[in-house]
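Scope of the values below: all heavy atoms of this structure, side chains included, with no hydrogens, waters or symmetry mates.
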Amino acid sequence: MLESLYRGLTRLAGPAVHRVLDRRAVRGKEDPDRRHERLGQPKIPRPAGRLVWLHAASVGESLAVLPLVQHLLSTDAGLSILVTTGTVTSADLMARRLPGPRAFHQYVPVDLSAAVDGFLAHWRPDLVLWVESEFWPNLLSAIRRAGIPCALVNARLSEKSFRNWRRFPRTARRLLSVFGMALAQTALEADRLRALGIGDSRAIGNLKYSADPLPVEEGALADVRARIGTRPVWTFASTHAGEEAMAIAAQRELRRTRPDAMLLLVPRHPDRGQAVAEMLSVAGLSFARRSSGGQPGAGDDVYLMDTLGEMGLVFRLAPVTVMGGSFVPVGGHNPIEPALLDSAVIHGPHMFNFAEVAAEMQAAGGLLPVPGPEGIAAAVDRLLSDPVPRRTQAEAARAVALRNAKAVDRVMLALGPLLSRAGIG
């Protein structure tokens, strides 16, 4: 009933969706040169042979599945992999990180029947792997009607989302029946998905643990490292609105006792760089801005790194990382990335997107939680002051990450029957 209602409403919503895409394009949230992809009108041909379609909503999900892409390609020399995402930032990252030419990116179509049908008619995937929990009803219904084998991988379902789905059990069961299995990050999430109707739900682990250390351009690393010299460095990484003010306050407090300290300030969304630059100017902090070609100088308090795809550089430069998204209720960002590069991590009270990872690392002494922004400066100063506890903390987090790095192997093993059914391998 609700599924039919949704389908009817989206048919009527076509013109409104086009206007939304127009407004998003004006704000830089859509790529106007690739709008045809969002409308289910691909312009590149489907490669010959078997094709796996892997959908990941945005940056974090798409980076998490890169190890899975590599493993899938290694199982079948004739296999191609289509990765879809919905954001400009993730599209840029996939263009850099996918191991082409057999793995390539397209934007996911908007959830309108015409766009969905055009997408599936063109690509004709032999297997669909859906990442985490972005459920689009028209897309999933079309996959089910086409009879394409489909699995939910690296599945995550918050308590809030679970409660919302439980209000409509018949709709949830029918919509999620497309998934032949769900490979969840935790046992709790496997239980939730099983309760919603995915009978074969298993706790496999988090694919983010299987990612390789973030890459870096060695020349850029050597250049920035030489310019910073021996100054104490820390980063507030992947900040969201509200956290830049916290970073500025912490840097000003820290410089009372460490006048040579440098902050690497990294907005989660680089298009916020101008707004952050204005905040730094108003605060009276001297800074260089990387997106404008600036380089850190001896008199700079802050290096504003408002660029894309350079977190591998950031974490290698900064022995201490304050994790963005954790001091505002965003849910935090991936602590595994700095851990693999030996940067000691401080986080705030909101790490619910990585609750299990954070809990395991914290239990091992690999993370330093602080209850609020007023504790940031003291925590940074503590870790910068003594290299021994800093290294101990970083090594503990790295050990947790390495201990869990086989998640991708467990995913591949669980997917074996579906791969065989799709003629892959």
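- With sequence neighbours excluded, the residues forming a salt bridge (Lys or Arg N to Asp or Glu O under 4.0 Å) with R255 are D301, listed by chain and number.
- N206 and R156 share no donor-acceptor pair across their side chains, judged by distance under 3.5 Å alone.
- Residue pairs satisfying the side chain to side chain donor-acceptor pair (under 3.5 Å) criterion with at least one member in residues 90-108, sequence neighbours excluded, are listed as follows: R34-H105, E37-Q106, T85-S90, T85-H105, T87-S90.
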What side-chain donor-acceptor pairs closer than 3.5 Å can you find for residues 44-51, not counting sequence neighbours?
residue	atom	partner	partner atom	Å
R46	NE	W123	O	2.5
R46	NH1	G49	O	2.9
R46	NH2	G49	O	3.3
R46	NH2	R124	O	3.1
R46	NH2	D126	OD2	3.3
R50	NE	A422	O	3.3
R50	NH1	D126	OD1	2.9
R50	NH1	A422	O	3.4

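- Judged as a ring-ring contact (aromatic ring centres under 6.0 Å, His included), and not counting sequence neighbours, the contacts of W165 are F135.
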Distance-only criterion, 3.5 Å: show the donor-acceptor pairs between side-chain atoms of residues 329-341 and protein atoms not counting sequence neighbours.
residue	atom	partner	partner atom	Å
H333	NE2	H240	NE2	2.7
N334	OD1	I336	N	2.9

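- Partners of R398 according to the salt bridge (Lys or Arg N to Asp or Glu O under 4.0 Å) rule, which considers only residues two or more places apart in sequence or in another chain, are D342.
- Judged as a salt bridge (Lys or Arg N to Asp or Glu O under 4.0 Å), and not counting sequence neighbours, D212 has no contacts.
- The aromatic ring centres of W130 and W136 sit 6.0 Å or more apart.
- Ion pairing between a basic and an acidic side chain is recognised when a charged N comes within 4.0 Å of a carboxylate O; E310 and R290 show such pairing.
- Pairs passing the salt bridge (charged side-chain N to carboxylate O under 4.0 Å, His left out) check and including a residue from residues 267-282, sequence neighbours excluded, read K29-D271, E244-R272.
- With sequence neighbours excluded, no residue satisfies salt bridge (Lys or Arg N to Asp or Glu O under 4.0 Å) with R166.
- Nearest approach of G28 to V88, heavy atoms of both residues: O-CG2, 3.7 Å.
- The minimum heavy-atom distance linking A344 with A394 is given by the pair N-CB, 4.1 Å.
- Note that the CZ atom of F287 and the CG atom of L264 stand 14.5 Å from one another [nearest 0.5 Å].
- In this structure, F104 CZ and L82 CG are separated by 5.0 Å, a value rounded to the nearest 0.5 Å.
- E189 and T186 are linked by a side-chain donor-acceptor pair at a separation below 3.5 angstrom, with hydrogens and angles left out of the test.
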I'd like a table of donor-acceptor pairs (distance under 3.5 Å, sequence neighbours excluded) in which one partner is a side-chain atom from residues 192-204, with atom names and distances.
residue	atom	partner	partner atom	Å
R192	NH1	L157	O	2.5
R192	NH2	E159	OE1	3.0
R194	NH1	D191	OD1	2.8
R194	NH2	S201	O	2.5
D200	OD1	R202	NE	2.8
D200	OD2	R202	NH2	2.9
S201	OG	I198	O	2.6

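- Annotation: ring-ring contact (aromatic ring centres under 6.0 Å, His included) contacts of H347 (sequence neighbours excluded): none.
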Pairs of donor and acceptor atoms involving the side chains of residues 376-390, under 3.5 Å and at least two apart or interchain, shall be tabulated with distances.
residue	atom	partner	partner atom	Å
D381	OD1	R258	NE	2.6
S385	OG	R258	NH2	2.8
S385	OG	D381	O	2.5
D386	OD1	V388	N	3.1
R390	NH1	L383	O	2.9

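- Checked by atom type, the side-chain pair D306/Q274 shows no donor-acceptor distance below 3.5 Å.
- Summarising the geometry of E243 relative to F327, their closest heavy-atom pair is OE2-N, 2.9 Å, with the distance given to 0.1 Å.
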